[in-house]
2 protein chains.
Amino acid sequence: MIEELEKVKDSILIKGIKTQELSSMLGCLRCVIKKYDKGETVISEGDKINKFGLLIEGKLQVVQYDYLGNKSVVSVIEPKQIFGEAFAYVDKISSLDVEAIEKSKVLFLDSDKLSTPCENCCTFHKQLVKNLLYTISNKNVNLTQKIECMSQRTTKEKLLTFLSLESIKNNSKEFTISLDRQALADYLGVERSAMSAELSKLRNDGIIECEKNWFKLL
Amino acid sequence: MIEELEKVKDSILIKGIKTQELSSMLGCLRCVIKKYDKGETVISEGDKINKFGLLIEGKLQVVQYDYLGNKSVVSVIEPKQIFGEAFAYVDKISSLDVEAIEKSKVLFLDSDKLSTPCENCCTFHKQLVKNLLYTISNKNVNLTQKIECMSQRTTKEKLLTFLSLESIKNNSKEFTISLDRQALADYLGVERSAMSAELSKLRNDGIIECEKNWFKLL
DNA sequence: AAAAGTATGTTGGAAATCCAACAAGTTTTT
DNA sequence: AAAAACTTGTTGGATTTCCAACATACTTTT
């Protein structure tokens, strides 16, 4: 089990915890590792969650079904990322599914054990809580920024809001983004082709320069 | 200071902490209370945040300015609610403003002190961390649901997604919501009048019944 | 009880988005 | 190196949303 943990020791959740503390952590937080084949379900909608996951290897997908039963992908989980923590701490049943899209290994941690330090108040506990607060807060900031973009009325405004936030993040008028056109359109909640057209217009109007994933605000 | 705390002792953050523990908490977390007149700024965009706030009395507004300088209200803070915690824990500068829209009293707590229990590991610390994790996770779930609604392409789908989520929350096909039409339109990111028209259509098509804040899914 | 203010529904033309289809360029596979 | 698969940009008509203006109902103030 320790060998598996080594693979993710620089993940945001475990970062800063000494190697010699890892094994006491495993016991203290009732850690278990589970393996999933491609296509298997990791968390089902309706599950009561009291553990959250840290993906060690493979790839997962968070999906959701709307009122008509249409499936949509909410996010993709890569190794070293955590998932399910929000539902674990609000103590609600999950409204999302998590599925393995590759053969995967997941470390589950007991959410209650993590937030309630044991009597001897192990030092790694403090660090874990800090890391977890950081991670969830960070997700909140990102969700808020996505909402900021999506709240704009026109595609042009959505694009400019997104690009301006990216520019701030990169502290420069020039930057590259990690999304391709389709992913960006999905992120902003608009049609890819309409967005492409709008990008061209922004370019022709001399407001931006761009090529592939590279952008420059003028 | 203790008297002020009494007013918010059933807030989600402080809930479950014994009265006799409150005073040691005040010291341990370097609490300070600040007062603001109507119109005063509580947090400025660009501020480095290492404390977060618990509103004791009054009313605050979280606002943001887009790339053109247009102001928009992100949320309204009522007494007993906390604010600024996301920026405090990601250790980034705030990208939002918080302003008092009524004469207000705010309790500030040191975010670092809260997440790093002191040597004696006071019991209230554990409870605070739990409460904080609950609060942030809950915001996370709410933001995700808002995004789920806003991601829908048409106003009709946005409405039905929202209503279906409310129905699940209330565990019933019939329920009342806390938003008026304008607030609902803002929440979904659409035009009020267009949304009203869409609601009428849903009613005529026999998909829902509604009157004011009361809704029934058929 | 009248007046003013607020919330909601309705409507029609202007504007924006969606959608489907295709062209051109790029990357990956064979 | 050719073929296949994928990505991006373009276009035009159908659909949807926005916007502004107004009617009606309900609430609050005077």
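Note that these values count all heavy atoms, side chains included, but never hydrogens, waters or copies made by symmetry. Chain identifiers are assigned alphabetically (A, B, ...) following the order of the sequence lines, protein sequences preceding nucleic acid strands; residue numbering begins at 1 within each chain.
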Check the distance between [N]'s [atom2] and [X]'s [atom1] and give it to me in whole angstrom.
| X | N | atom1 | atom2 | answer |
| --- | --- | --- | --- | --- |
| B:Lys158 | D:dT16 | NZ | C1' | 10 Å |
| A:Glu157 | D:dT17 | CD | C1' | 14 Å |
| B:Lys212 | D:dA25 | NZ | P | 13 Å |
| A:Leu199 | D:dT10 | CG | P | 10 Å |

For the residue pair B:Lys103 and B:Tyr36, would you count it as a cation-pi contact if the rule is NZ or CZ under 6.0 angstrom from the ring centre and within 45 degrees of the ring axis?
no
Under 6.0 Å from the six-membered ring centre of B:Phe175 and within 45° of its axis: does the NZ or CZ of B:Lys169 meet both?
no
Is the shortest side-chain heavy-atom distance between [X] and [Y] below 4.5 Å?
| X | Y | answer |
| --- | --- | --- |
| B:Trp214 | B:Glu174 | yes |
| A:Thr154 | A:Glu198 | no |
| A:Ile56 | A:Ile33 | yes |
| B:Leu159 | B:Leu202 | yes |

Which sits closer to the 5' end of DNA chain D, A:Asp180 or A:Ala197, going by the nucleotide each is nearest to?
A:Asp180
Would you say [X]'s side chain and [Y]'s backbone share a donor-acceptor pair under 3.5 angstrom?
| X | Y | answer |
| --- | --- | --- |
| B:Asn171 | B:Ile168 | no |
| A:Asn213 | A:Asp180 | no |
| A:Ser137 | A:Tyr134 | no |
| B:Thr144 | B:Asn140 | yes |

Contact list please: residues 185-195 of chain B against DNA chain C, heavy atoms, distance less than 4.0 Å, in numerical order.
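Listed by number, they are B:Arg192, B:Ser193.
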Using a 4.0 Å cut-off on heavy atoms, which residues in residues 146-155 of chain A reach DNA chain C? List them by number, or say none.
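By residue number: A:Thr154, A:Thr155.
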What does A:Ser200 touch in the nucleic acid at a heavy-atom separation under 4.0 angstrom: a base, only the sugar-phosphate, or nothing?
sugar-phosphate
By salt bridge (charged side-chain N to carboxylate O under 4.0 Å, His left out), A:Glu209 pairs with (sequence neighbours left out) none
To the nearest 10°, give me the bend of the helix from C:dA1-D:dT30 to C:dT30-D:dA1, comparing the axes of its five terminal pairs at either end.
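Roughly 50° between the end axes, to the nearest 10°.
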Taking ring pair (Phe, Tyr, Trp, His ring centres under 6.0 Å) as the test, write out the residues that go with A:Phe162, two or more places apart.
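A:Phe162: ring pair (Phe, Tyr, Trp, His ring centres under 6.0 Å) contacts with A:Tyr187.
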First contact, last contact: which nucleotides of DNA chain C are these for chain B, 5' to 3', heavy-atom distance under 4.0 Å?
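In short, chain B contacts DNA chain C from C:dT8 to C:dC18.
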Evaluation steps, salt bridge (charged side-chain N to carboxylate O under 4.0 Å, His left out), between B:Glu191 and A:Arg153:
CA-CA 9 Å; B:Glu191 195 56 29; A:Arg153 290 304 160 81; 3.3 Å; yes
